[in-house]
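Structure first, commentary second.
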Amino acid sequence: MRIEGNTEQVLLVVDGYFTQTNYSKEVKKFIDTRGGVFTSDNKAFNILVEFDTKNKEQIGKSISYNYSIKKNELTINENGRKAVYKKMDDATAPLAGVWAITGRMQDGKVVQIQRTGTRKTLKILTGTRFQWAAIDPGQQSFSGTGGGSYDFKDGKYTEHIEFFSRDSSRVSASLTFDDKIENGEWHHSGLSSKGDKIYEVWCKINKN
């Protein structure tokens, strides 16, 4: 995480995927976000952009940045400007990873979601942070995102919302769900931010 004035920028990096989001928790304002696939070596952070709300023309492009890590700080050279991020966690937790929604409860039974094309809804979790994003890289479209911090203990998963692109009034809310990992699938149930009952099944897409 890095902070400039009232703006917080959070960079999530886990299991070959990244998200980078700017927002102001203080005034409940979402600014922009981007994300996609990444690889790295000792010097370069290489990304393939799948969504970018600020620069749509970047979607589908491959970009490389030089970086260095010293203690708990990551320094990235972004087009001649150095950005320094402080480490938030080590991305090791039962739910840490990149998840895609694959099923939901309908009429009392879990129904597989039939996905066509490149449209997908992802949830990226580190050890303490989460972000979901509804995107379609092939169509260069973006439907929404939200994120913040989370807790997961004794089957209870709680999201503490710090940004929400569709509705800023949801910021500062905390939502608690009944969650479990079963046969490698994440079963997620409770009430949505709108108060609707949900039961969703998520599967990891990248397993490092």
Side-chain angles (χ1 to χ4, degrees), residues 1-4 7-25 29-69 73-89 91 95-102 113 115-149 161-166 168 202-208:
M1 175 183 283
R2 61 191 300 262
I3 298 175
E4 289 186 352
T7 301
E8 298 184 20
Q9 186 177 90
V10 175
L11 176 66
L12 304 186
V13 179
V14 61
D15 285 3
Y17 208 88
F18 85 97
T19 62
Q20 186 179 38
T21 305
N22 290 289
Y23 63 96
S24 175
K25 186 167 56 177
K29 180 183 179 182
F30 167 78
I31 300 172
D32 57 60
T33 188
R34 67 173 178 162
V37 180
F38 87 91
T39 60
S40 63
D41 52 34
N42 292 331
K43 293 183 179 179
F45 185 74
N46 311 300
I47 66 174
L48 174 62
V49 181
E50 289 198 330
F51 61 95
D52 190 325
T53 61
K54 185 178 180 180
N55 298 302
K56 185 178 178 180
E57 65 274 10
Q58 295 293 310
I59 297 173
K61 290 187 177 181
S62 297
I63 308 170
S64 293
Y65 300 103
N66 293 329
Y67 78 95
S68 62
I69 297 175
E73 289 188 341
L74 167 68
T75 301
I76 299 178
N77 189 331
E78 299 180 350
N79 301 317
R81 186 173 70 93
K82 289 186 177 180
V84 181
Y85 297 86
K86 291 186 177 180
K87 186 177 181 179
M88 294 178 290
D89 61 64
L95 292 178
V98 185
W99 302 83
I101 189 168
T102 57
I113 293 175
R115 195 180 77 187
T116 58
T118 56
R119 182 179 179 182
K120 54 188 174 182
T121 298
L122 302 178
K123 188 167 280 193
I124 300 93
L125 287 91
T126 64
T128 60
R129 305 284 306 188
F130 81 95
Q131 181 174 350
W132 63 267
I135 61 174
D136 189 334
Q139 298 297 318
Q140 294 188 328
S141 66
F142 172 85
S143 300
T145 192
S149 63
I161 301 172
E162 297 183 10
F163 62 90
F164 199 115
S165 65
R166 296 172 178 169
S168 61
W202 298 71
C203 292
K204 280 191 175 182
I205 62 171
N206 297 328
K207 298 179 181 179
N208 286 358

Applying salt bridge (Lys or Arg N to Asp or Glu O under 4.0 Å) to E50 and not counting sequence neighbours gives K120
Residue set satisfying salt bridge (Lys or Arg N to Asp or Glu O under 4.0 Å) with K86, at least two apart, ordered chain then number -> none
side-chain contact (heavy atoms from CB on, under 4.5 Å) for V10 and R129? Distances and angles first, verdict last. CA-CA 9 Å; V10 175; R129 305 284 306 188; 3.6 Å; yes
Could you pull out all residues at least two apart from [X] that satisfy side chain to side chain contact (heavy atoms under 4.5 Å, CB included)?
{"X": "A134", "result": "T121, W132, S143, R166"}
{"X": "Q140", "result": "K56, I59"}
{"X": "E4", "result": "R2, R81"}
{"X": "T75", "result": "S68, K82, V84"}

Would you say that [X] contacts [Y] through its side chain, given a criterion of any heavy-atom pair below 4.5 Å between the two side chains?
{"X": "V13", "Y": "L74", "answer": "no"}
{"X": "Q139", "Y": "R119", "answer": "no"}
{"X": "L125", "Y": "V14", "answer": "no"}
{"X": "I76", "Y": "L11", "answer": "yes"}

Listed partners of [X] passing side-chain hydrogen bond (donor to acceptor under 3.5 Å, both in side chains), at least two apart:
{"X": "D32", "answer": "N22"}
{"X": "D52", "answer": "none"}
{"X": "T33", "answer": "T21, Q131"}
{"X": "T118", "answer": "D136"}

For [X] against [Y], the heavy-atom pair lying closest together:
{"X": "G97", "Y": "D15", "result": "CA-OD2, 3.6 Å"}
{"X": "F51", "Y": "A133", "result": "CZ-CB, 4.1 Å"}
{"X": "A91", "Y": "A96", "result": "O-CB, 3.3 Å"}
{"X": "G144", "Y": "S165", "result": "CA-OG, 3.4 Å"}
{"X": "I124", "Y": "L12", "result": "O-CD1, 4.1 Å"}
{"X": "M1", "Y": "Y23", "result": "CE-OH, 4.1 Å"}

Between atom [atom1] of [X] and atom [atom2] of [Y], what is the distance when rounded to the nearest 0.5 Å?
{"X": "T102", "Y": "K204", "atom1": "OG1", "atom2": "NZ", "value": "14.0 Å"}
{"X": "E78", "Y": "Y65", "atom1": "CD", "atom2": "OH", "value": "6.0 Å"}
{"X": "T7", "Y": "K29", "atom1": "OG1", "atom2": "NZ", "value": "7.5 Å"}
{"X": "D89", "Y": "T128", "atom1": "CG", "atom2": "OG1", "value": "3.5 Å"}
{"X": "I135", "Y": "F142", "atom1": "CD1", "atom2": "CZ", "value": "8.5 Å"}
{"X": "I3", "Y": "S24", "atom1": "CD1", "atom2": "OG", "value": "10.5 Å"}

Residues K25, F163; criterion side-chain contact (heavy atoms from CB on, under 4.5 Å); working and verdict
CA-CA 7 Å; K25 186 167 56 177; F163 62 90; over 6 Å; no
For this session: Step by step, work out the side-chain contact (heavy atoms from CB on, under 4.5 Å) result for E162 and S149.
Result: CA-CA 8 Å; E162 297 183 10; S149 63; 4.0 Å; yes
Distance-only donor-acceptor pairs under 3.5 Å for side chains of residues 37-45, two or more places apart:
unit_1: D41; atom_1: OD1; unit_2: K43; atom_2: N; d: 2.9
unit_1: D41; atom_1: OD1; unit_2: A44; atom_2: N; d: 2.6

Hits for ring pair (Phe, Tyr, Trp, His ring centres under 6.0 Å) against F130, two or more places apart or cross-chain, chain-then-number order -> none
Test side-chain contact (heavy atoms from CB on, under 4.5 Å) on T19 and L122; report intermediate values, then the result.
CA-CA 11 Å; T19 62; L122 302 178; over 6 Å; no
